[in-house]
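Ligands are counted one by one from 1 in listed order, and the atoms in each one are counted from 1 as well. Note that the structure is a prediction, hence the values are computed from the model and not measured.
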Amino acid sequence: MDEMFKPSRRAFLKGSAAVAAGSVAGAAAAQNADPLITELQDWASYTGVGVDETPYGMPIEYESHVVRRNVEWLTASPISSINFTPIHALDGTITPQGCAFERHHSGAIELRKEDYRLMINGLVDKPLVFSYADIERFPRENHVYFCECAANTGMEWAGAQLNGVQFTHGMIHNMEYTGVPLRALLKEAGADISSDKWVYVEGADASSNGRSIPMEKALDDVLVAFKANGEALRMEHGYPVRLVVPGWEGNMWVKWLRRIEVVDRAVESREETSKYTDVLEDGTARKWTWVMDAKSVITSPSPQQPITHGKGPLVISGLAWSGHGQITRVDVSKDGGITWETARLGKQGDIKALTRFYVDMMWDGAPMLLQSRAMDETGYSQPTKEQLREKRGENSVYHNNCIQTWYVNAEGIAENVEVS
Ligand code: MTE
Ligand code: CO
C-alpha cells in the first residue's frame with residue numbers, strides 16, 4: 001500500500017499540520033472543529049422515516065441526478081429513441097434496472113403476464129404456444145451479461161461529439177438474468193436444430209424488431225429471461241419476457257418476446273439489412289456483425305465526473321467488456337497512448353459481462369490525456385480511433401469500439417477529445 005494511504009493514528013490524535021497534508025484528502029485532522037463532528041445534528045435528534053413509507057425504496061433525493069438522460073436532437077421522437085445509462089456515476093458492475101438505458105423503436109409497451117404468449121413455429125414437430133406460467137416451469141439459470149446497443153459510441157465516428165461518458169458510452173447495461181435456455185424450448189417443440197437452420201425472433205410491440213439468429217448461437221447461451229437483478233423485468237426492458245443474446249448486439253435482445261420461428265435461412269428483416277449494417281468505403285455493406293468486440297472506457301474522471309479534490313490520491317475507474325468472453329487485461333494511459341500501465345481489475349473471470357477496473361494514483365495536478373485499452377481472452381486488443389477508421393471508413397454508425405480519450409486539465413475538468 002502506498003505510504004500516503006496509511007491513516008496514521010498517532011498523528012491524527014496530535015492533529016499536526018503535517019498530517020493534514022499527508023493523509024488521504026478529506027480525512028482532515030480533528031482540530032478543525034468541524035460542526036458536523038462537534039454539534040448535535042437534526043438526524044441524531046429526531047426520529048427518521050417509518051418503514052410504512054418505503055414499500056419500494058427509491059434512491060435518496062441527493063442522488064436524483066443519477067438518472068438516464070437522452071440527447072434530444074438525436075432522434076425525431078422519444079417514442080423511437082434512446083436514453084443513456086449514467087455510467088459516470090455508477091461503480092461496480094451491476095446496472096440497476098431503474099437507470100439502465102432503454103432503446104425502443106415504437107415505445108415501451110404494458111403487457112400483463114396473463115396476456116403474455118410465446119409461439120414457437122416453423123420447422124418444428126409440434127408448434128407450441130407458451131404462457132408465462134409455462135415458461136416458469138422449465139429449469140432456469142442465472143447469468144450476468146452486458147447488453148450493448150450496436151449504436152453505442154456511434155456519434156463519435158466523425159469526431160469527438162458528446163461531452164459525457166453517459167452519452168458516448170451509456171448505451172450499455174449489465175444485469176443478472178434469470179431465464180430458461182432457448183435450447184430447452186426448441187427441444188420441447190421438436191425443432192429442427194441442424195446447424196444450417198436459423199431462428200427468427202420477434203417482439204409483441206408495434207415495431208416487432210425481428211431478427212434472425214443462427215442455430216449455433218440459439219443452442220449455445222441464449223436465454224428466454226423473465227427476471228433481471230432478482231426482480232421482474234421493468235416494462236422498458238421487455239416485461240414480462242425478453243431474449244438475452246450474450247455478447248451480441250443489443251438489437252437482437254428482443255423485448256416482449258412473442259414468437260420464435262425456426263427457418264432454413266435468415267429472414268433479412270429491416271433490422272438486419274437497412275439497419276445494423278455499415279457501409280464501407282467501397283460501397284459494400286458490413287453485415288451480420290453480431291458480436292460486440294472488446295471495448296473499455298474510463299468512467300471517472302470524465303466530463304460529467306471532474307476531479308474536485310485537487311492534487312493527491314486519485315482513483316481512476318472504468319469499465320471493460322467483450323462479446324467474445326473474458327476481459328483479461330486493461331491498460332490505462334495518462335499521456336494519450338504513449339505510455340501504458342496495467343489497471344487493477346475489480347473482479348476477473350466474468351464472461352460477456354462488464355469488468356470494473358481501477359488505477360490508484362497520486363495526481364500532481366498536471367494535465368492528462370486519459371485512455372483505456374481492453375484486451376480479451378482471444379488476444380484481441382481494443383483499437384485506436386485511427387486504426388478503426390482505416391478499416392471501416394467514414395460511413396459507419398455501428399460497432400465503434402475504439403479507444404476513448406479524455407483531456408483532464410490542471411483544474412480537474414475533463415473533456416472529450418481525439419488524439420492523433
Ligand atoms: N425489442 C423490441 N421488441 N423492440 C425494440 O424496439 N430494441 C432493441 C432491443 N430489443 C427493441 C427490442 C435494441 S436496438 C436494443 S439496443 C435493446 O433492445 C435495448 O434493450 P433495453 O431497452 O433493455 O436497454
Ligand atoms: Co440497439
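The protein heavy-atom contact nearest to atom 24 (O) of ligand 1 is F101 O, 2.6 Å. Nearest protein heavy-atom contact of atom 4 (N) of ligand 1 is D205 OD2, 2.8 Å. At the shortest separation from atom 22 (O) of ligand 1 among protein heavy atoms lies K255 NZ, 2.5 Å. For atom 7 (N) of ligand 1, the closest non-hydrogen atom of the protein is R103 O, 3.2 Å. Among all non-hydrogen protein atoms, the one lying nearest atom 9 (C) of ligand 1 is G250 O, 3.3 Å. Annotation: atom 10 (N) of ligand 1 to nearest protein heavy atom, W253 O, 3.0 Å. Counting protein heavy atoms only, atom 5 (C) of ligand 1 is closest to H105 ND1, 3.5 Å.
Aromatic ring centres of F84 and F167: separated by under 6.0 Å.
Ion pairing of E272 with R211 is present here, as a side-chain N (NZ or NE/NH1/NH2) and a carboxylate O approach within less than 4.0 Å. Between D134 and R137, no side-chain nitrogen of the basic residue sits less than 4.0 Å from a carboxylate oxygen of the acidic one, so the salt-bridge criterion is not met. Salt bridge annotation for R329-D331: present, with a cationic side-chain nitrogen under 4.0 angstrom from a carboxylate oxygen.
Geometrically, R373 engages W340 in a cation-pi contact, judged by NZ or CZ lying under 6.0 Å from the ring centre and within 45° of the ring axis.
Heavy-atom distances between E202 and ligand 1 stay at or above 4.0 Å for every pair. Residue contact check for ligand 1: S207 places a non-hydrogen atom closer than 4.0 Å to it.
Screening Y145, W248, Y177 for a ring pair (Phe, Tyr, Trp, His ring centres under 6.0 Å) with W253, the sole residue that qualifies is Y177.
The H104 neighbourhood of ligand 1 comprises atoms 6 (O), with distances under 4.0 Å to a heavy atom of that residue. Below 4.0 Å from some heavy atom of C149 lie the following atoms of ligand 1, by number and element: 16 (S).
For the residues M171, E102, R242, the heavy atom positioned nearest atom 20 (O) of ligand 1 is part of R242.
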